[in-house]
Amino acid sequence: STSTEQVEHFTINLPPRRRSLEKKRVQQRNLTIPIAPIPTTSKKKMTIKIDKSLSVMHNMSRIDPCIYLGGQDGAAMSLDTLRSYGITHILNVTMKMGNHFDDKLTYLRIQIPDLKGYDISKHFRAANEFIIKVRLTGGKVLVHCRAGQSRSATLVIAHLMMFRKWSLLKAYCHVKECRPVIKPNPGFFNQLRKLELEINDGKENTMEVSDLSHGYANEMLATTPLDG
């Protein structure tokens with residue numbers, strides 16, 4: 001059938017800020033986030049349904065139709081599980097865990113230490129290009145580090161910012177909703193803030209590092225994706 005383009009939306013309902021802000025970061029209380037069109041041969045409307053049972057059963061969480069985010073224990077160690085979810089590629093950013101199924105799946109291995117002083121931003125481009133290639137081939141990718149909280153989460157957030165042109169706030173809140181345990185270390189988060197300034201031509205950042213400890217972003221999470 002003829003290829004068509006579908007546009008997904010989900011809504012973040014922003015509650016009142018509980019403390020004063022030095023900068024005005026969010027101007028609307030109800031913010032609708034457009035997602036870049038994805039070619040599809042189906043006319044059925046696509047939705048992103050969050051299956052939180054995945055995180056418990058297989059230590060991975062579905063971020064969108066292409067991306068899964070998780071830790072090294074669970075799905076990353078089970079070829080049957082990976083195949084059952086249609087995963088064709090793996091982005092492995094652990095320091096020690098090898099590529100267990102490199103004869104069956106396509107891997108990108110980037111050894112990244114979870115240290116706040118480490119420059120993870122130098123891997124943003126390679127990770128983003130790898131995930132885009134997965135999208136273009138109609139595959140699915142599992143991005144994982146040891147726990148699926150800091151390194152892999154940072155790269156997934158960076159991808160959404162670069163590919164979707166989302167703000168840091170939008171990308172972080174979406175990934176946090178899908179996988180509540182994420183917690184990029186402060187150094188990685190600052191590098192995401194720098195990435196945001198590069199993407200938005202030096203305009204204001206939408207989040208500060210202090211927002212993580214104060215739980216500000218948690219208050220902004222979308223409770224239910226549209227049509228999800």
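Computed from a predicted model, the values in this text were never measured in an experiment.
In the hydrophobic clustering of this structure, L192 does not group with L197; members are Ile, Leu, Val, Met, Phe, Trp, Tyr whose side-chain heavy atoms approach within less than 4.5 Å, directly or through other members.
Among F101, Y107, F130, the single residue meeting the ring-ring contact (aromatic ring centres under 6.0 Å, His included) criterion with H89 is F130.
When the salt bridge (charged side-chain N to carboxylate O under 4.0 Å, His left out) test is applied to R83, no partner is found at least two apart in sequence or on another chain. P113 pairs by the side chain to side chain contact (heavy atoms under 4.5 Å, CB included) definition with M95, L115, Y118, not counting sequence neighbours.
Across all their heavy atoms, R146 and T94 have their closest contact at N-CG2, 3.7 Å. Of all non-hydrogen atoms in G148 and V181, the two that sit nearest each other are O-CG2, 4.4 Å. For S150 against N185, the heavy-atom pair with the smallest separation is OG-N, 3.2 Å. Heavy atoms only, all atoms of each residue included: M77 and M97 are closest at SD-CE, 3.3 Å. Nearest approach of G70 to L142, heavy atoms of both residues: N-CD1, 3.8 Å. Shortest non-hydrogen contact noted between F124 and Q191 is CE1-O, 4.0 Å.
Of the possible polar contacts, one joining the D211 side chain to the E208 backbone as a donor-acceptor pair under 3.5 Å is found. Of the possible donor and acceptor atoms, one in the side chain of T206 sits under 3.5 Å from a partner among the backbone N and O of L169.
I199 has its side chain out of reach of L168: every pair of non-hydrogen atoms, C-beta onward, lies at least 4.5 Å apart. Contact of the D64 side chain with the R135 side chain is registered, since non-hydrogen atoms from C-beta on lie closer than 4.5 Å. Counting heavy atoms from C-beta on, the side chains of T154 and V93 never come closer than 4.5 Å. The side-chain heavy atoms of N200 and S167, taken from C-beta on, include no pair separated by under 4.5 Å. K140 is not listed as a side-chain neighbour of Y85, based on a closest heavy-atom distance of 4.5 Å or more.
Interatomic distance, CG of N128 versus CE of M161, reported as 11.0 Å (0.5 Å rounding). Of the inter-residue distances, the one linking N190 atom CG with I120 atom CD1 reads 13.0 Å to the nearest 0.5 angstrom. One distance of note links CG of L108 with CD1 of I90; it measures 11.5 Å at 0.5 Å rounding. Rounded to the nearest 0.5 angstrom, T81 OG1 and I87 CD1 are separated by 9.0 Å. Rounding to the nearest 0.5 angstrom, the gap separating the CG atom in L69 from the NE2 atom in H159 is 12.0 Å. Here the SG atom belonging to C145 is positioned 7.0 Å from the CG atom belonging to D114, to the nearest 0.5 angstrom.
A side-chain donor-acceptor contact under 3.5 Å links N205 and R193. For the 3.5 Å distance criterion, the side chains of S121 and D119 qualify, holding a donor opposite an acceptor. No hydrogens or angles considered: nothing links the side chains of R151 and H123 as a donor-acceptor pair under 3.5 Å.
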Worked check of side chain to side chain contact (heavy atoms under 4.5 Å, CB included) between L91 and V156: CA-CA 10 Å; L91 174 49; V156 168; over 6 Å; no

Chi angles and distances behind the side chain to side chain contact (heavy atoms under 4.5 Å, CB included) call for T88, T106: CA-CA 6 Å; T88 56; T106 301; over 6 Å; no

Residues L212, F189; criterion side chain to side chain contact (heavy atoms under 4.5 Å, CB included); working and verdict: CA-CA 9 Å; L212 301 179; F189 197 78; 3.7 Å; yes

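E129 and R125 are joined by a salt bridge, as a carboxylate oxygen and a charged side-chain nitrogen come within less than 4.0 angstrom of each other.
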